[in-house]
Every structure is written in structure tokens, then in C-alpha cells.
Amino acid sequence: IKNQIELKFEAIGGTDIMARFYKNDGGGVYCYVDSMKLATKLDFNKLLNQLSNSTKVDIITYSFDKLDFIKMLLNQGKSVRLILNSKSRTFKRAYGDLVGLSDNLAIYVNDKIHSKWILGDSQFVYTGSQNLEDSDSFENISIFNDSKIYEYYESVFNNILQGITPYNIKPINNTLIPNSPTASCYVPYEKTHSINVQNLDIKFSANGMVNWNQKFNGYHNRDILITTFSIPKFDYANEIVNKILRQGNRLHIVANNIAKNKLEKLKENNPSLTYSISPNIHAKLVLVDGKNKIVWSSSQNFGSSTWTEDTVNIKGEDTPYYFYKKALQELII
């Protein structure tokens, strides 16, 4: 399988798929998916053109850098609901520019949003690490065209609008390690690899944070690769790294330059840990090697989060694992 994978430059678009939900364990829902699309970066102009038949579009984003994408949808006569995080660096400017732009635009504010979704009725779903903006970083992208998956994400979207908070997280003690001064030094990541993959078991968790301690239960003697933009809550991350290594796994972390200081401290505390840094990493991935290869594609950085996050857990073919592994090898590993 590894030799059969081709990383192609192609426009983002979905294929018709069918999904069968078969389990709900309270922390998410499981389904079998015939096909989905994975990518390492999005061209939102091309993506949003795929929504030409949609009458309404729902968007959740932590931040965005220009109005072009929103205006494109409104000019096409679509009704748009937009949820913004009020703590993001772009919120004040973006909110001011959007207010009154169109009667078809409804803006909502939530200070606990870190997810990134685009939902086009009644079956298109984008979720991943890329905010509604052009990106010069390596991202993790999942795209579906399925009515059941759409209905699941739409229900969570509506719950957020109703003020439903799925978790009540208590503050966690955290060792203060400042971000590295090189955080703003980016080298553009230009490639937009994408691939269609089939026959997958997937768990969707669209309404809360990732419990890393629970996720890594039962993993022994595996190669685990984690990518992250930052490492929030150092003490929590240190605990999880120690657990992964204590269970006999081999762990490599690829992080943005912003996490350099914390990675050095993690390495000091856990000598067998290996890591790399890159100025253009924004993806939040976990790749688990072994007999059954696993990929977690998330909006959550490696650490604790009290915000609404989104995670897609992919099992089935080995292709998703090798797709992201090969793309990362081009960057840094």
C-alpha cells in the first residue's frame, strides 16, 4: 500500500458516499464510510465553489483573514450562519467588517470555539485544522459528502447556538514555559496534496475536547507520531508523553517553532522522546503504527483544552496513515 499512494495536486471536492452509523458511546458516534477525502491544505475558493447547489452554509472557525470567502457565498444567494471565537486575533476586525454585510448572514459569538467546519446542506462536511483563511502551513483536512454525517455535525452546530456546553472542565495546574521567540517565522508550505480513501471505520467527536489519557490506553510497542501547532498545558502533555513511553511505545512529535521551549523541556523529562520543529506546522494529527494503523485528525493541539474541539478517528485501510506520513516526510521527518 505504501508504494501505491500517489500524492496529487488536485482541486478539493467530494465524492458521493454513504455512511452507516452503528454506535454511539457518549463521547462520539461511529460509522462505516465508503469514501472520504484527505488533504494537507485547502484552497477555499475551489472548496466553496463545490457548494453551488447549497442554499445554506454553516461555518465554525477560530479565525479568518479576509471576507472574500464569506462574500462569495453571499453573492451566490446563500444563507450563511457563522460562529466566531471572540478571543481570536482577527475577531474584532472581522466582526466589524461583517456586521450589516447582508441580511442572509447571521453572526454568532462563542469564546470557546476552536473547531473549524463548513457544512453545506444537506450533505457536505469539511472539518480539520485549517481556519477559514489561506494557509501557508501543513494542515489536516477531512471532507465528506454524506447526509448522515452532515446531520450529526448540524445537530452539534445547533446545540452550540443554544448555549449547550458539553463539558465542564476544571482549571488544570500548568508549568509556565514561555513560547519560543521564533514563533512568527514561517516558511510557506505550498503543496496541496489530497487523496480519496475508501472503506473506513470512523469515529466523530465534534462536541468536546480530546481526552489524550483515554485515547492512548492499550497502546504498547507502537510507533506513534504526533503533530501539533502548540503544546498547551505543559504538565498535562508531559503526563501523557510519559504514559506513552512508559507503555513501551516510540514517540516522535513534530511541532511548530512556537513549541520549541516546551519540546526541549519534554525531552529533558522524557529522554527517549524524539521531536522535530518546523515553522509551517499547523496540523493536529496522531498517527499510530502497528497491525491496525490509526489516524486521529483534530482541531485540538496536543495538550488540554477547555474549548469546543473536533476529532475524526480513522480506522480501516492503511492509506490515511501513509498519506500523512509521506507528506510529513517531505517537510521534516
Side-chain angles (χ1 to χ4, degrees), residues 1-7 36 38-40 128-129 137-142 189 191 193 195 197 199-203 205 210-231 234 236-256 259-260 262-278 280-303 311-333:
I1 291 176
K2 181 182 291 188
N3 294 330
Q4 295 173 352
I5 293 179
E6 294 182 3
L7 303 181
M36 66 179 291
L38 303 175
T40 58
S129 64
S137 297
F138 182 98
E139 306 278 2
N140 52 283
I141 308 299
S142 298
Y189 175 74
K191 297 181 179 180
H193 296 319
I195 192 171
V197 289
N199 303 321
L200 303 164
D201 283 310
I202 294 182
K203 181 179 181 181
S205 301
V210 178
N211 184 330
W212 296 112
N213 184 59
Q214 182 183 64
K215 293 292 186 185
F216 287 111
N217 282 340
Y219 289 150
H220 300 276
N221 196 33
R222 301 231 193 169
D223 291 307
I224 297 175
L225 173 64
I226 294 172
T227 73
T228 186
F229 174 71
S230 64
I231 303 178
F234 173 83
Y236 177 78
N238 185 66
E239 175 186 338
I240 302 306
V241 168
N242 182 266
K243 173 181 180 174
I244 293 171
L245 297 174
R246 191 173 64 246
Q247 293 176 166
N249 300 294
R250 295 162 294 281
L251 175 62
H252 186 87
I253 298 177
V254 182
N256 190 279
K260 181 174 182 292
K262 293 180 181 179
L263 281 170
E264 290 175 346
K265 184 65 175 177
L266 283 175
K267 174 70 172 179
E268 180 181 325
N269 293 350
N270 306 274
S272 61
L273 169 70
T274 61
Y275 69 86
S276 306
I277 60 170
S278 171
N280 51 13
I281 286 287
H282 190 247
K284 303 93 166 62
L285 286 164
V286 177
L287 309 183
V288 182
D289 201 359
K291 182 178 180 180
N292 297 314
K293 292 175 173 54
I294 299 170
V295 173
W296 298 331
S297 175
S298 184
S299 66
Q300 181 175 331
N301 290 295
F302 181 58
T311 301
V312 177
N313 178 239
I314 305 171
K315 299 178 182 179
E317 289 188 357
D318 295 340
T319 307
Y321 175 92
Y322 287 121
F323 170 76
Y324 280 117
K325 186 73 178 292
K326 184 173 181 179
L328 281 164
Q329 285 173 341
E330 293 182 2
L331 262 181
I332 194 167
I333 300 173

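Everything numeric in this text was worked out from a predicted model, so none of it was measured.
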Next item on the list: Identify the two heavy atoms, one from T311 and one from S298, that lie closest to each other, and give their separation to 0.1 Å.
Entry: OG1-OG, 3.0 Å
Check: Can you name the closest pair of heavy atoms from S129 and A283 and give their distance?
Finding: OG-CA, 3.9 Å
Notebook entry, point to check: Can you list the steps and then say if E139 with H282 is a side chain to side chain contact (heavy atoms under 4.5 Å, CB included)?
Noted result: CA-CA 6 Å; E139 306 278 2; H282 190 247; 2.8 Å; yes
Note to self: Nearest 0.5 Å, please: how far is CZ in F216 from CG in L251?
What the structure shows: 7.5 Å
Checklist line | Worked check of side chain to side chain contact (heavy atoms under 4.5 Å, CB included) between I314 and V197 | finding: CA-CA 11 Å; I314 305 171; V197 289; over 6 Å; no
Notebook entry, point to check: For S276 and H252, which heavy atoms make the closest approach, and how far apart are they?
Noted result: OG-NE2, 2.9 Å
Next item on the list: Indicate yes or no: at least one non-hydrogen side-chain atom of F138 is less than 4.5 angstrom from one of L285.
Entry: yes
Check: Would you say the side chain of N140 lies within less than 4.5 Å of the side chain of T227, judging by non-hydrogen atoms?
Finding: no
Margin query: So F234 and N269, do their side chains get closer than 4.5 Å, heavy atoms only?
Written below: yes
Note to self: If you define the side chain from C-beta out and look only at heavy atoms, does anything of H193 sit under 4.5 Å from K326?
What the structure shows: no
Next item on the list: Could I get the full list of side-chain contact (heavy atoms from CB on, under 4.5 Å) partners for E268, not counting sequence neighbours?
Entry: K265
Next item on the list: Answer whether the closest heavy-atom distance between the side chains of V286 and K215 falls below 4.5 Å.
Entry: no
Checklist line | Gap separating the CD atom of Q300 from the CZ atom of F229, nearest 0.5 angstrom | finding: 15.0 Å
Next item on the list: Please identify each residue that fulfils side-chain contact (heavy atoms from CB on, under 4.5 Å) with Q247, with sequence neighbours left out.
Entry: Y219, H220, K243, N249
Next item on the list: Please name the pair of heavy atoms, one in I281 and one in T228, separated by the smallest distance, quoted to 0.1 Å.
Entry: CG2-O, 3.5 Å
Note to self: Which residue in the set D318, T40, L287 passes side chain to side chain contact (heavy atoms under 4.5 Å, CB included) when paired with F323?
What the structure shows: T40
Checklist line | Beyond-backbone contact of K325 with D289, side-chain heavy atoms, under 4.5 angstrom | finding: no
Next item on the list: Please report the closest heavy-atom contact between W212 and Y236, naming both atoms and the distance.
Entry: N-OH, 3.1 Å
Next item on the list: Report the distance from atom CD1 of I195 to atom OG1 of T319, rounding to the nearest 0.5 Å.
Entry: 6.0 Å
Item checked: Value rounded to 0.5 Å, distance of OH in Y275 from CG in N270 -> 12.5 Å
Check: Among all residues two or more places apart in sequence or in another chain, which pass the side-chain contact (heavy atoms from CB on, under 4.5 Å) test with N221?
Finding: R250
Checklist line | Taking every non-hydrogen atom, the tightest pair across S230 and N301 | finding: N-OD1, 3.3 Å
Item checked: CD on E264 to CD1 on I277, rounded to 0.5 Å -> 7.5 Å
Next item on the list: Not counting sequence neighbours, which residues clear ring-ring contact (aromatic ring centres under 6.0 Å, His included) with Y324? List them please.
Entry: none
Next item on the list: State which residues pass side chain to side chain donor-acceptor pair (under 3.5 Å) with N211; sequence neighbours excluded, sorted by chain then number.
Entry: none
Next item on the list: Starting at CG of D201, measure out to CG of N292 and round the result to the nearest 0.5 Å.
Entry: 10.0 Å
Next item on the list: Under the side-chain contact (heavy atoms from CB on, under 4.5 Å) rule, collect the residues that match up with A237, sequence neighbours excluded.
Entry: I231, F302
